[in-house]
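All heavy atoms count here, side chains included; hydrogens, waters and symmetry mates do not. Counting starts at 1 for both ligands and their atoms, following the listed order. Nothing fancy with the numbering, it's 1 onward along the sequence.
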Amino acid sequence: MSSVKVAVRVRPFNKREINMNAELIVEMDDKKTRLLKPKAQSTRDGGREGNHDFTFDYSYWSFDEATNHFATQEEVYNDLGTDVVNCAFEGYNACVFAYGQTGSGKTFTMMGTPDNPGLIPRICQELFARMRVGQDSGTVYKTLASYLEIYNERVKDLLGSPNAGHKLRVREHFTDGPYVVDLSERAVSNFDEIHECIMRGNSQRTTASTNMNDTSSRSHAIFTITFIQAVFMNDKPSETVSKIHLVDLAGSERADATGATDERLKEGAHINKSLVTLGSVISALAEQSDSSKKKKKSCNHIPYRNSILTWLLRDSLGGNSKTIMIAALSPADCNFNETLSTLRYANRAKNIINKPTINEDANVKLIRELRDEITKLKSMLDGDIATLQPSLKVLEDLQKKEAQEKVLTEEWTEKWKEAQSILKEQKSLGLRKSGLGVVLDSEMPHLIGIHNDVTTGVTLYSLKDGETLIGTEHSETPQDIELVGDGICPQHCRIVLEGGLVTLHPHPGAQCWLNAHLIDEPTRISQGDIILLGRTNIFRFNNPAEAARLRKDLSRSQLDMSRLSLITSSRENLLSSSFYSEEDSMCGSTNASPFKRPEHQYYPTKPLSRDDPELQEENRRILETIENALKQLNIERVQMHDQYESKVRKLADELKRLDIEQMDKLEILHCQEKELLARKDMLLWEKNNEKVQIDIMCRQISTFQTQLDSKKRHFSEYVAKELQELQDCGKLDEIGLTIAAGVPLSDQLLLQVADSLDSFASQFIKDTIKKNNDEIRKLDEKIMEKECILNESTKKIAEVDEQILQIQEQLSKLQDEQQEIELRKKLE
Ligand SMILES: Nc1ncnc2c1ncn2[C@@H]1O[C@H](COP(=O)(O)OP(=O)(O)OP(=O)(O)O)[C@@H](O)[C@H]1O
């Protein structure tokens, strides 16, 4: 666990602020930053109340160079940048992002100026300086750089073609997370190369002049370094990958302050929208950390997906990364509100807790774990030996683990060595990626094979110092360049590179053509020469040192460019030779056109006069034919290659799309399943509740029923007693009423009697009867009410049961679908 580190930095007044006679409203003391309420506001409020105090990990005072606590670019780098470099070497992901109002100094802190570089160039410089030291002790490094900008919620590759536009899409990989499709990644091997990437990207960034900043960045820029290091030291393999995101955000802005209209206004709206999302993400994460500190459960939704910026930086915000946020501040009173909001933003970010982990290669991790287990098993075994009872199972386990560990270590070491040699080879060949192409910076002479086989493309053969042997795989002595094809002998020829001179030595009897001239003795070859070995293997010879010389000469004289082009053969040499076969000349067909030949092959020549114009014309046509044929062949090859590549790309895209679709579907199904299960739980809970309710109701009804019965019984007893008393004292006779046996003693009868009694007794009896009847009615009503609730609960239980049944059906359908998708994935 690690909290996001937060630093704030205040810049000097800019020209506009100086012209406005701006008031300085920021104070800093060690880690503390105080924002003072502007005088104008305080006068209005009648006092200087309302200053805002904050404490951050670092507070950088870059307002005035004359002050002794002035923070330079170097100091900022020493505190923050070295942490990032350490992260890379320790295998952690890291992220630095600069936040703040437009014109507050974000780009200055991140990128700096050529004379006063900022964090990004300094981090890169230190990274490569430390790599050089590591390389000496055998560590292999691979560094990739990518640079993108998010402008109006669309992504552009800043290292791609300048006209590419903002078209890149963001997708999510199910294990690696969000990524930008087709974003170029440059392999860089030194500071100059990465610096070139930075410069190129910066020049492509969308900037504009606003009231607040002459060169305001109108986009969020993310410069990413992927840093891989592998080393095998003290018998221990180690390989880590870290991603370093260096982010220069577009500034938050108020349209009125920036003077934005039209396009700028639209940009501003997008910038603000994504910054609001960033703010929401920071707030949600801070809340989450707060709850977890208080050991409260939090089901906070983090709205990463609401903007591309937060989606791409998901890992850096609350995930697997060590993150630093730098809040850039304006010192001027006119920006009080924006500065306060930036400080509050930064204050919130302090609470974000990230979970950085060392990104160790899976195999290396396995090897390490196996080794730990082996050590444990060995110590167990030592204990067994001490008691003279070595356990067979432990022995068996140990052997298995040791074998496994050995295989894995060997595989890894092999891979590591291969990487080392590829890197060395690439370096010596001078191959480097440039956009979609590969650039050859080799200083070594080389042959470029132009094959007839349209699927193989162009092959490059580097020539060694000394001898390079050329032949077939069937030769007794291994050949440096193994060829197949018509007329190739097992030991065909050798090319000798000595003191900068290159000579072709044909093997006796082998067909070696140099610029259409059959040679049978050592012959010097030079830049642009076309070599035909056997009947179908055509090569162009390139000698970069010689080419450089020729280029230099070219600027002085009008030298033939053909020697510098890739396909064209050396005209001068070709003009001094002929393509007529001996056969042709013997048949007297010296004028026969070579176009009529069934095969486009070179034929031995008969030396003819150089000055013969007819011959020269013929030679020119032959040369043209060969050039055209080769060009055509090359065009076709390139086209087919392009078609093939685009097909592969399309298929890969489609596969990725399907994969993502499947993953999305599966995720949706899982979510639906979770939701259904939650609903089912809820319903079961409700059902249970209803049951408890029914239980209570039943008990209440039975109590009421008992009360009712007893009330009724008491009442009839009372009526009977009253009538009996009236009868006994002759009152019934007075009114001529007799109670016959078996006649029910109802309250009506009693009321009839009461009517004839004196008013007091009559009223008493009437009241008593009314009271009793009321009580009985109330009890009856209560029982009815409870019975109603009981009925509803029973109905609800039936409904819940029905819904649970439906959910069960939906669940089993979902699970079937999930199984089908998983099965399909396995089959794929
Ligand atoms: N610490 C500093 N020292 C000297 N000058 C600075 C400092 N910070 C910023 N500036 C100057 O202030 C101006 C604006 O800075 P900057 O372009 O870095 O701002 P920003 O926050 O990136 O702006 P926006 O969001 O509009 O791109 C620049 O001219 C820059 O050189």
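Contact between Ser104 and ligand 1 is present, with at least one heavy atom of the residue lying under 4.0 Å from the ligand.
Checked by distance only, ligand 1 and Asp248 stay at 3.5 Å or farther apart across all their nitrogen or oxygen atoms. Polar contact with ligand 1: present for Thr102 (N/O pair, distance under 3.5 Å). Every N/O-N/O distance between Leu249 and ligand 1 stays at or above 3.5 Å.
Close approach to Ser62 involves these atoms of ligand 1, each under 4.0 Å from a residue heavy atom: 1 (N). Interface of Gly105 with ligand 1, defined as ligand atoms under 4.0 Å from a residue heavy atom, comprises 8 (N), 9 (C), 15 (O), 16 (P), 18 (O), 19 (O), 20 (P), 21 (O). Within ligand 1, counting atoms from 1 as listed, the ones closer than 4.0 Å to a heavy atom of Gly103 are 14 (C), 19 (O), 20 (P), 21 (O), 23 (O), 24 (P), 25 (O), 26 (O). Below 4.0 Å from some heavy atom of Gln101 lie the following atoms of ligand 1, by number and element: 21 (O).
More than 12 heavy atoms of other residues, nucleotides or ligands shown are found within 6.0 angstrom of CD on Glu654.
Here the options are Thr102, Thr342, Asn335, the test is side-chain hydrogen bond (donor to acceptor under 3.5 Å, both in side chains), and the partner is Ser330; only Asn335 passes. If you run side-chain hydrogen bond (donor to acceptor under 3.5 Å, both in side chains) between Thr107 and each of Asp248, Thr113, Asn202, only Asp248 comes through.
Between Phe128 and Tyr141, the gap from one ring centroid to the other reaches at least 6.0 Å.
Residues passing the ring pair (Phe, Tyr, Trp, His ring centres under 6.0 Å) test with Tyr345, sequence neighbours excluded: Tyr99. For Tyr147, the ring pair (Phe, Tyr, Trp, His ring centres under 6.0 Å) partners at least two apart in sequence or on another chain are Phe223.
Taking only non-hydrogen atoms, the option from Ser330, Ser219, Pro12 nearest to atom 5 (N) of ligand 1 is Pro12.
Taking the six-membered ring for Trp and thresholds of 30 and 60 degrees, Phe63 and Trp61 have ring planes inclined between 30 and 60 degrees apart.
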